Amino acid sequence: MNLSRKWLREFVSVDADDKDFAETMTLSGSKVETTEDLGAEISNVVVGRLLSMERHPDSDHMWVCQVEVGQSEPIQIVTGAWNIHPGDLMPVALHKSTLPGGVKIQKGKLRGMVSNGMFCGLSELGLDERDFPYAAITPAAILGDYKPLDKDKPSIPADIQPGHKIYGPVVAAKVLACKPLGNGTFHISVNLGDTTAETDTMCPNIHADDLVAYNTKDNAICTLTDLHAQQAEFPHCIPDGIFVLQEEGIAPGDDIKPIIGADDHVVEFEITPNRPDCLSVIGLAREVAATYDEPMNLHTPVVKGGGSGNLMELLDVETPDPELCPRYTARMVRNVKIAPSPKWMRERLRAMGVRPINNIVDITNYVMLEYGQPMHAFDYRYVKGGKIIVRRAKNGEELTTLDGNVRKLNSSMLVIADDERAVGLAGIMGGENSEIVDDTVDVVFESANFNGTAIRKAALALGMRTEASAKFEKGLDPLNTLPAVDRACELVELLGAGEVLDGVIDILNYVPQEHTIRMDPDRVNALLGTDIPAVDMYQYLERVSIVTKKKDFPNGPADVVIPSWRADVVGIADLAEEVARFYGYNKIPCTLMRGQTTLGGYSPEETLERRLGSLCRAMGYDEIITYSFISPTCYDKIRWPQADARRQSFKILNPLGEDTSIMRTTVLPSMLDILTRNYNYRNQNVKLYEVGRIYLPDGKDGLANEQKVLSMGAYGSDMDFYALKGAVEAILDDLRAENVQFTAPAVSNPSYHPGRCAEVFVDGCRVGVLGQVHPLVAQDYGVDAAFYCAELDFSQLMAAQGADPEYVPLPKFPAVTRDLALVCDESVTVGALENCIAAAGGKLLRKVTFFDVYRGKGIDAGKKSVAFSLELRADDKTLSDEDIAPVISKVLGALEEQLHAVLR
């Protein structure tokens, strides 16, 4: 929220520079973001009066001017401007002056003539025609300046003379004299060849001896528009010229900054959502007055009224949804005169960051800034049936808003409608079919209070957050609507912009209740750790209009009345905060924390997550963090069937886009996206991991079942299925998981290569899947390399953790190894053989190591030879052949019986 300090002085007077003001306000709880001196970049720019001007001897378009600037002698300035005349007052940038944008002006020479400064236009001062509408220039067509675009066929002869016909009643005319009449009007005498004529014009670029186009029928000087000419054909007849001042009471030498409103200082406040009352000049003025303990000068609007007509006969208002519109207030103005706003209003609006438009629109913006109450002005002729209905929109109803966009509405949105259609989005933006235009005659001022939640949801659904909706959604004071509309009507009368009708339409759909809280000074001191006297506390509260009903300040507990605009004050803690910020936070003594404390630490889940991250990083995997929302097309890219139940995902109500519109049920697409990005960046070897979340639709009460998944992904020259399997084995080994098994998927997984994929089980419970990503999936991601990924259920990893290790002495007796080469069917897996050996080996078998597979000579077709090394040991003796033989025999018997595997 911006605050003009010049505007602030209307309500409270504070003598402090910007730095002290910002620091003091911040310490009292109104945080200041920035301060700005609007005229900081302008220096040594003054008002100058043009005394004389002569044509430059070496230029056909420049003038040598003598200018009075409040010094002992006039100064000389050379300019190419054509819209100035002797007697004009204009901004003059003197030698060693500065202008907005870091522009520096120095004296110099132009075509050999000394120039001691520069005349300024609006743009040089950081202004435009909306700031000073009278500075708009409509140039006349100077025939001597004509440069035809087609040189072979000029539309105006180069040797044209006074009286020569141009077309129809338009002839060439030579200017004999040009006399300024004031307010941008000039009296012109012209030579038409065989006669003379006189006329008045608003074209400021005419001087004696100029050759102009003159319409003998209309007795008027022709502009470029009249000649249907392009500005490029008259390069010096430009609409942007010197800013000729028309302000009253100014004199040569006056500083330009107060004249153009650049003597103001603007303070930007960061307003918290619980203080919508501070989104206004009056609200911030209250805070300033309370902070500096200065009196507050509030103005009560006074409306004379008396306009012709009966408001109740001309306008009817209905609010069929009272819970969405607590209050609706309206007044009417007739015979409106649309015109620019006065200078003081334009300056205040510009300082607050609002662009001036016209007096009626500016009044609504002015009141919104002053009172914090958004307002809207309707053109009454477009209110069909003379009725305003504040209702819910119809599903599918359409409205073209002031920004020209067509909005499709639904029944959750609130609209302002007439008898036939919606004319505005309540609390957000008006409709294009009711805006104020130049020929508007009758205006309805709307000052209403709407349900903040409804406005916020509607603005969010439509993707249009406006100044009004930003205020309404925070919850405004319903008691503010009437003073605001009265202030708007008062300004209409002050500006002479129309006739205000007597009477007000004021619909109250709620009963205002006095809000009181029990103030207990002892409890406040206990909360703050202070010893502030009760009388002082009540004085601090009175600064912000929180008062007791007693005449004298009480010494103990008392009921205090909370003003309607302070909806954030609801309990004793809020009162304590008000006391603290005016007592001074820096006065509150520092004390050590008292009470019981909790010993911090990591939960078992957090410990496991950190442990898994440490293990992955130790194996060379880098951590990534991805979004939990993905595109529905991701399921197509990983080749999940359309009927797959895992496609059922939670949809996001307000997605950033289609690519982030659902909550993921698998982490695989997120990992593949990052692998693909690295592959496209030509990173040769990549290993990544993430502990991410998936959201399954089987939670309680319709909520998502959130699950964590350890996702691993890699590619590169040193990566294959067995490298990834080894990394997963290393993780499970570190977790001391027992009975780990890697098996081929019972059901083919379409996302993985069918021959290079395995499911991981611990104690018969499925932990996850790993393998090479299916080549068609890689192709969907635009990759021709082999990607390897693993998806491990975090909760299963948690359950798979083994007990803490028990340390035993090193073995005293040596181990005995035996190698077995087994012939079995090709369909028998190494894992099945290994599990069978381990189960049959008993307690003497300590370790089984697979080391070879052979196919070829000596092995029948459809068979293979698989070799294992068995390590046997006893704790109490050295094993002999007699001890080992039964174990080996039992192992071979089990292999033959269960897997039809025999010793080679």
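No experiment lies behind these values; they were computed from the predicted model shown.
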Q) When Glu473 is tested against each of Arg465, Arg456, Lys457 for side-chain hydrogen bond (donor to acceptor under 3.5 Å, both in side chains), which residue passes? A)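 Testing Glu473 for a side-chain hydrogen bond (donor to acceptor under 3.5 Å, both in side chains) against Arg465, Arg456, Lys457 leaves exactly one candidate, Arg465.
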
Q) For Arg327, which of Asn480, Asp506, Asn509 qualifies under side-chain hydrogen bond (donor to acceptor under 3.5 Å, both in side chains)? A)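 In the set Asn480, Asp506, Asn509, the residue that makes a side-chain hydrogen bond (donor to acceptor under 3.5 Å, both in side chains) with Arg327 is Asp506.
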
Q: Would you mind reporting whether Ile428 and Met464 have side-chain heavy atoms less than 4.5 Å apart?
A: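 Touching, per the 4.5 Å side-chain cut-off.
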
Q: Flag the pair Ile572 / Val524 as yes when at least one side-chain heavy-atom distance between them is below 4.5 Å, and no otherwise.
A: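 Of all side-chain heavy-atom pairs linking Val524 with Ile572, at least one is under 4.5 Å.
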
Any donor-acceptor pair under 3.5 Å linking the side chain of [X] with the backbone of [Y]?
X	Y	value
Asn359	Lys337	yes
Arg5	Val266	no
Arg346	Asp131	yes
Arg331	Val444	no
Asp418	Arg421	yes
Ser469	Thr466	yes
Glu432	Leu402	no
Asn395	Ser411	yes
Glu294	Val14	no
Tyr380	Leu314	yes

(Q) Taking the ring centre of each residue, are Tyr695 and Phe650 less than 6.0 Å apart? (A)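 No, too far apart.
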
Q.
Is the distance between the ring centroids of Tyr366 and Trp7 under 6.0 Å?
A.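 Yes, close enough.
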
Pair [X], [Y]: side-chain N/O donor-acceptor within cut-off below 3.5 Å:
X	Y	value
Asn2	Glu268	no
Thr516	Asp559	no
Tyr382	Glu435	no
Glu10	His299	no
Ser28	Thr291	yes
Ser564	Asp477	yes

Looking at every heavy atom in both [X] and [Y], which two are closest together, and how far apart are they?
X	Y	value
Asp574	Val570	OD2-N, 2.8 Å
Val569	His515	O-CE1, 3.0 Å
Val12	Pro295	CG2-O, 3.7 Å

In Å, rounded to the nearest 0.5 Å, how long is the span from [atom1] of [X] to [atom2] of [Y]?
X	Y	atom1	atom2	answer
Arg543	Asp293	CZ	CG	4.0 Å
Met429	Asn405	CE	CG	8.0 Å
Arg487	Ser447	CZ	OG	13.5 Å
Leu369	Leu279	CG	CG	10.5 Å

Q.
Less than 6.0 angstrom from the centroid, inside 45 degrees of the normal: does Arg275 satisfy that with respect to the ring of Trp565?
A.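 No - Arg275 does not lie over the ring of Trp565 by the 6.0 Å and 45° rule.
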
Q: Might you work through the side chain to side chain contact (heavy atoms under 4.5 Å, CB included) test for Val492 and Ile363, ending with a clear yes or no?
A: CA-CA 8 Å; Val492 167; Ile363 284 172; 3.7 Å; yes

